[in-house]
Amino acid sequence: MNYEEELKRLNEYQREAVLDESDACIVNANVGSGKTTVLISKILYLHHAKNVSYRNMIVLTFTNKAANEIKERLTGADSGVQAEDLEGFGTFHSVALHFLKNRLPVEKMGYTRDFLVIEPEEELDIALHIIQEEKLSIKYKNRLKKRLEQAMAVRTEEQMKPGYKDDLFRLVQLLREEKIRQNKMSFLDLLQNVNDLLDDSGTEPKWIIIDEVQDSDSLQLDFIDKLKRDGTRLFAVGDPNQVIYSWRGSTLNVVYALKHKYAARELSLPVNYRSSSSILEAARCFLQNGGSLTGVREPGSKIVVKNQYNPFNEACYLADKIQELHSAGVPYKEIAIFYRLQNQSQIFEDVFQKNGIPYEVSLKKTIRDIPVLNWVIKLLRFSVNPNDLSSGIYVLSNQDYGERIREKEAAKLVRGQSEKQSGLLADMQEFAARCAGIQSVDELYDYFGFDRYIKPTAATYREDKESIRTLLDIIIAYGKEKQMTFLEGLTDFLNSSALYGVNILQKDISSSTDSVKLMTLHASKGLEFSHVFITGVNYGLIPLQTKGMEEEEEERRLFFVGITRAKDYLELSYYTNPEHYRAMAGESRYIRMIPPRLIRDDAVRTTEVSLQELKKQIQAARAEGEKAEAGSGNPEAGNRMMENQETKNQETKNQEAIQRENIRRVSHKKYGIGTVLREDEMMIEAEFENYGMKEFMKAFSELEYL
DNA sequence: ACATGTTAAATTTTT
DNA sequence: TTTAACATGT
């Protein structure tokens, strides 16, 4: 086929990697050096020139996206490829799953072949259930997911970090047993189990090929080791300069470790085709693992560094800038904005929405991230299965939705030990008997009368209602598609992991739609854009305040990943007023690490953005917030009523003074009531009783005149 | 049951 | 800096 043509298009380094004959080979692939191209060419070369069947290859990636890309490019280049030839191609987890389902004796571990794979959320549910049944004492339940994750990776209690004194380790053991009883495996179990069972299997792949090896954790390295027999050859591609997930457990120095373990030959791909040479030169300042990074492109435009007053100002500026770029012919989809923390996206979303700029945010939200749907799911779970007591208690004792009763009372009610009545409980308990006739969303909605259980005053009221309807719609459609009765369909939906795959928000980022992309630096890995804006390059934010040396190095690699996404234009910005407790005013030292000759320093234009306009918008936002709070009662008002006689007298005296001298008074959320000392267009200075003199910027302070 | 003081933690995310 | 769980006191 055309693999020979493909070979001709490669540069000398790439060709050397493809033609390499050694038993084990690690390719140090720099950013933008054609890593995937080499991988595909290698596979085609092995198949066509070396007669290695696809079935004798195991090709491992970390994400489904990468796996799909490889499979697509392969079928595109070689029309003879059959789907079943590629069973050994996929993510670590999916290949592990394939082995467990088809080749390994899972019965030895107490599983049957039709075991289910569960999402972390479902595992958490099982854990919560066990805590309740066994009356375990677990501290910091709100952080249970994270704590479990850490504890699960460990096999004996001694290895566990000295944490809180509670039953966490017992929970881990009970959870393990319970999962076997329910015939379910978590993502972690897939790898752990496959590693335990692989010893006695007869699988012997001829080649193991790995993409992005630098991200491997110890379980994944173990998996590779178990798969690799004497006759198996190894080809791995990765970049030590792009390790940004070591906090998630990926081993540092994977390349080094593999090289020594398998006496691997080390090659490198030094040529970057992506970025202009200015951008590459800046990127070089952040390289830590040696290696030469060479470019082939022209210098291009200088890197722009901008000082912005605050995130809101920046969002306004970017909105203008993007419109300007767009009318100059740059498609929206070639523009990306990166930031360090997820919640930094909000302000851009708000402003872009208002300015009609199409955008997409890379944010993974599941049903459970929407509080009302989380509640509805538990409600349905209990309705379908009245033995699921923990769900029932949750539904009744939730403080935002439902009847909002106390947890202890709810527990009594659910167990039938209370004389009190609950309409919602009765509806749930009678559901199985009375639901048969339900056909439509409306009927299901009305059965429970959801309107009664959402606070009409809540800011999210309309949204909540809509979310519930969307979910019910999906459920009804699901049952119909599967040609099940309503109850069967609902039960199946609740039990299937399809539940968590359902993306109500449809926020999946796609490269094809023409919109500006907003994402964290982490999410930017593997992508490229013509214009990249990295925002909030402040002291304390990029790099994020870190504990040790290793973390700092990872932050540096993260910044490296960020800047190397840019093809033609890179802009860095930092805030004077970052509005985040970790971030401090002033530029990050990373900006100072870039040679000044590469930088075009743009002066701030803060005053150009109309402060009046800002003020108006902030007031509008605040008014909206207050509307939402109204009705739920204002706790501050209550506090003020409680104040003793003395302060009341003081109050009236002050009132008189105000009338005499025309003094203006203001109220502040935190500082209480104060007297205005000085005031001009922009600033306001006030004195507060217990806090002394404070100065505010009018546009941003949440002051109210009295 | 409620009120107040103390303490730890907060980030990045794929399967 | 802010939040919420835990801890202790009435």
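For the numbers below, each heavy atom of this structure counts, side chains included, while hydrogens, waters and symmetry mates do not. Naming: A, B, ... by sequence-line order, numbering from 1 per chain.
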Starting at atom NZ of A/K525, determine the distance to atom C1' of B/dT14, rounded to an integer number of angstrom. 11 Å
Hey, does the side-chain of A/R340 have a donor or acceptor N/O within less than 3.5 Å of a partner on the base of B/dT12? yes
Whether A/W247 stacks on the six-membered ring of B/dT12 base, 5.5 Å and 30° limits: yes
Just the rounded figure in Å: distance from P of B/dA9 to CD of A/E551. 15 Å
Write down the distance between CD (A/Q545) and C1' (B/dA9), rounded to a whole number of angstrom. 13 Å
Can the ring centroids of A/H580 and A/Y575 be said to lie less than 6.0 angstrom from one another? no
May I ask you to verify if any side-chain N or O of A/N64 is less than 4.0 angstrom from the OP1 or OP2 atom of B/dT14? no
Considering every strand and a 4.0 Å limit on heavy-atom distances, what is the contact class for A/Y245: base, sugar-phosphate, or nothing? sugar-phosphate
A/R582 has a side chain; which of B/dT12, B/dT11, B/dT15 sits nearest to it? B/dT11
Which word best sums up how the rings of A/Y245 and A/H522 line up, parallel for under 30°, tilted for 30 to 60°, or perpendicular for over 60°? tilted
A/K145 atom NZ is separated from B/dT12 atom P, nearest whole Å, by 13 Å
Distance in angstrom units between A/E212 CD and B/dT15 C1', rounded: 15 Å
Can you tell which of B/dT13, B/dT11, B/dT15 lies closest to the side chain of A/L341? B/dT11
Here the distance between atom C1' of B/dT15 and atom CZ of A/F223, to the nearest Å, is 13 Å
With a 4.0 Å cut-off on heavy atoms, is A/L544 in touch with a base, just the backbone sugar-phosphate, or nothing at all? base
Using 30° and 60° as the class boundaries, would you call the ring planes of A/F92 and A/F62 parallel, tilted or perpendicular? tilted
Given the P atoms of C/dT2 and B/dT13, what is the spacing between them in whole Å? 25 Å
When rounded to whole Å, the NE2 to C1' distance for the pair A/H522 and B/dT12 reads 4 Å
is_close_aromatic(A/F348, A/Y359), centroid dist under 6.0 Å: no
Give a yes/no answer on whether the side chain of A/T520 brings an N or O atom under 4.0 Å of OP1 or OP2 in B/dT13. yes
A/Y590/A/F286 aromatic ring centres below 6.0 Å: yes
Quick one: A/H580 NE2 to C/dT3 P, roughly how many Å, whole number? 12 Å
Side-chain N or O of A/Q220 closer than 4.0 Å to phosphate OP1/OP2 of B/dT15: no
